[in-house]
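Throughout, numbering of the chain's residues begins at 1 and tracks the sequence. It should be emphasised that the depicted structure is a prediction, and the values quoted were computed from it without experimental measurement.
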Amino acid sequence: MYDGVSRPPLFTLARRHPALRVAAVALAAALLTTGCGSSQNTAEHPKAAAAPAEGFPVTVDNCGVRTTYDKPPSRVVTIHQHPAELLLALGLKDRMVGTAFPDSAVLPELAEDFETIPELAKREPSFETVLEAEPDLVYGGYGSAFAENEGRSRKAFADAGIDTYLNREYCGKKQVTMKDTYAEIRTVGKIFGVSGRADKLVADLQRRVAEAAADVEGESEVPVFVYDSGDKAAFTAGGKGLGTELIRLAGGRNVFADLDDVFGDVSWEQVVERRPEVIAVYDYAGADSVAQKKEFLLSQPALADVPAVRNKRFVVLPLTATLVGIRSAYAVEDLARGLHPESFK
């Protein structure tokens with residue numbers, strides 16, 4: 001979905017050669033700098049004299065990167081599904097020129113719009129592929145969106161004249177809570193000049209969470225083990241990720257909340273020792289099916305006496321629903337129903 005603006009040949013060539021793109025950006029900046037000193041030049045370049053967009057400039061500090069937006073981004077590439085769904089929920093479909101790495105089935109109310117966004121790659125796209133879409137902003141969901149060893153560092157994008165934003169769950173400073181989800185939505189709303197929509201969306205999500213939490217208020221806390229994947233070891237949700245907070249709000253306790261990371265490996269011996277009563281299985285594209293994951297857990301002799309395995313108590317959650325984004329509020333209700341089914345009869 002290109003914007004239809006005619007560009008000089010230099011930009012066409014630069015799309016195919018990232019190094020030339022950097023030169024093109026620099027040349028364009030130089031021409032504007034040297035060419036706007038007279039009223040005649042201002043007339044020839046009306047955008048140079050245009051008033052700033054209402055509410056701009058906006059300055060945002062994000063995971064150690066400070067960015068000033070003089071106007072709302074108009075050509076955005078999202079890497080990972082939860083940033084894409086957040087933008088769609090804010091009514092920003094027309095500003096999205098590409099997305100990549102879908103994790104789960106899309107929320108039904110967003111599916112039609114999601115299908116209209118070009119998919120750049122099944123996983124993280126190459127730096128060159130992103131440049132081909134000519135974005136002015138790249139919004140990443142996981143830290144891997146800006147993997148330096150794959151040539152997609154935030155500095156590399158900055159050098160190409162492209163702003164970046166990383167989901168705050170991967171800033172790595174503290175445990176993430178629903179407050180971070182609401183802050184993420186409001187910050188993105190501010191960057192795009194749609195703060196009113198962001199506030200309305202946050203209010204709706206807060207209502208969903210409050211209603212689910214009220215339904216299980218006073219119930220006994222249920223020990224929960226999150227199973228993402230793994231056979232030699234269990235890849236699970238740690239204390240810094242939003243999953244721990246979602247479990248708490250739903251009336252449970254993540255048995256690996258002391259794991260000092262968003263995700264991490266633990267031994268099966270540790271799982272046995274902590275005796276979870278429910279296993280939350282994360283479901284996402286590219287992984288073994290939920291049925292295979294359950295079959296694996298139920299077939300392990302070492303896990304036979306774990307209460308959740310013995311009683312076959314599983315709750316299935318789309319991975320996207322457990323991350324900082326619009327799906328997390330839905331996950332609280334789904335978890336609450338799985339942990340305390342008697343409260344929803």
Side-chain angles (χ1 to χ4, degrees), residues 1-3 5 7 11 14-15 18-30 32-33 47-48 50 52-80 82-88 90 92-101 117-118 120-121 124-148 150-171 183-195 198 324-325:
M1 297 190 335
Y2 292 98
D3 56 9
V5 176
R7 292 179 173 80
F11 280 92
R15 285 201 298 269
L20 290 180
R21 180 182 174 91
V22 177
V25 172
L27 176 58
L32 286 175
T33 302
K47 289 184 179 180
E54 185 178 354
F56 286 79
V58 167
T59 298
V60 172
D61 290 307
N62 168 240
C63 300
V65 176
R66 186 177 180 87
T67 304
T68 296
Y69 300 88
D70 294 320
K71 60 182 179 180
S74 61
R75 297 184 59 83
V76 187
V77 165
T78 57
I79 301 178
H80 304 119
H82 47 305
E85 290 192 341
L86 197 162
L87 294 186
L88 290 175
L90 289 174
L92 298 171
K93 176 185 71 172
D94 292 342
R95 306 195 204 177
M96 299 173 67
V97 296
T99 190
F101 208 153
I117 312 302
L120 304 184
E124 289 91 351
S126 69
F127 182 70
E128 291 76 15
T129 297
V130 176
L131 291 190
E132 286 284 343
E134 294 188 314
D136 53 10
L137 175 67
V138 178
Y139 181 6
Y142 304 110
S144 58
F146 302 116
E148 185 173 355
E150 295 181 9
R152 290 189 310 273
S153 70
R154 298 185 74 174
K155 183 180 184 302
F157 282 114
D159 289 344
I162 300 170
D163 293 326
T164 55
Y165 186 88
L166 176 61
N167 186 292
R168 68 187 58 222
E169 188 163 10
Y170 282 81
C171 291
E184 178 87 356
I185 294 169
R186 288 192 171 108
T187 298
V188 172
K190 186 177 180 182
I191 290 171
F192 283 87
V194 292
S195 291
V324 170

Can you check whether [Y]'s main-chain N or O pairs, donor with acceptor, with [X]'s side chain at less than 3.5 Å?
X    : Y    : answer
R66  : T59  : no
E184 : V324 : no
D136 : P73  : no

### Message
Does Y69 form a ring pair (Phe, Tyr, Trp, His ring centres under 6.0 Å) with F56? I'd like the steps, not just the answer.
### Response
CA-CA 7 Å; Y69 300 88; F56 286 79; 7.7 Å; no
Rounded to the nearest 0.5 Å, how far does [atom2] of [Y] lie from [atom1] of [X]?
X    : Y    : atom1 : atom2 : answer
I117 : L88  : CD1   : CG    : 5.5 Å
E169 : Y142 : CD    : OH    : 8.5 Å
I162 : L131 : CD1   : CG    : 5.0 Å
T129 : F127 : OG1   : CZ    : 11.0 Å
F146 : T164 : CZ    : OG1   : 5.0 Å

### Residue from P83, P135, P118 passing side chain to side chain contact (heavy atoms under 4.5 Å, CB included) with V77
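Running side chain to side chain contact (heavy atoms under 4.5 Å, CB included) over P83, P135, P118 with V77 returns exactly one hit, P135.
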### Query
Any idea how F101 and H80 line up, ring-wise: parallel (<30°), tilted (30 to 60°), or perpendicular (>60°)?
tilted
### Task
For the pair Y165 and Y139, name the ring-plane relationship: parallel under 30°, tilted 30 to 60°, perpendicular over 60°.
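Geometry flag for Y139 against Y165: perpendicular rings.
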Might you point out which heavy atoms bring [X] and [Y] nearest each other, and give the distance in Å?
X    : Y    : value
G141 : N167 : O-CB, 3.2 Å
A156 : G151 : CB-O, 3.9 Å
P125 : L120 : CB-CB, 4.3 Å
R75  : E134 : NE-O, 2.8 Å
P57  : D70  : CB-OD1, 3.8 Å
N62  : C171 : ND2-SG, 4.4 Å

Side chains of [X] and [Y]: does their closest heavy-atom pair fall under 4.5 Å?
X    : Y    : value
L92  : V76  : no
R168 : T187 : yes
R95  : L87  : no

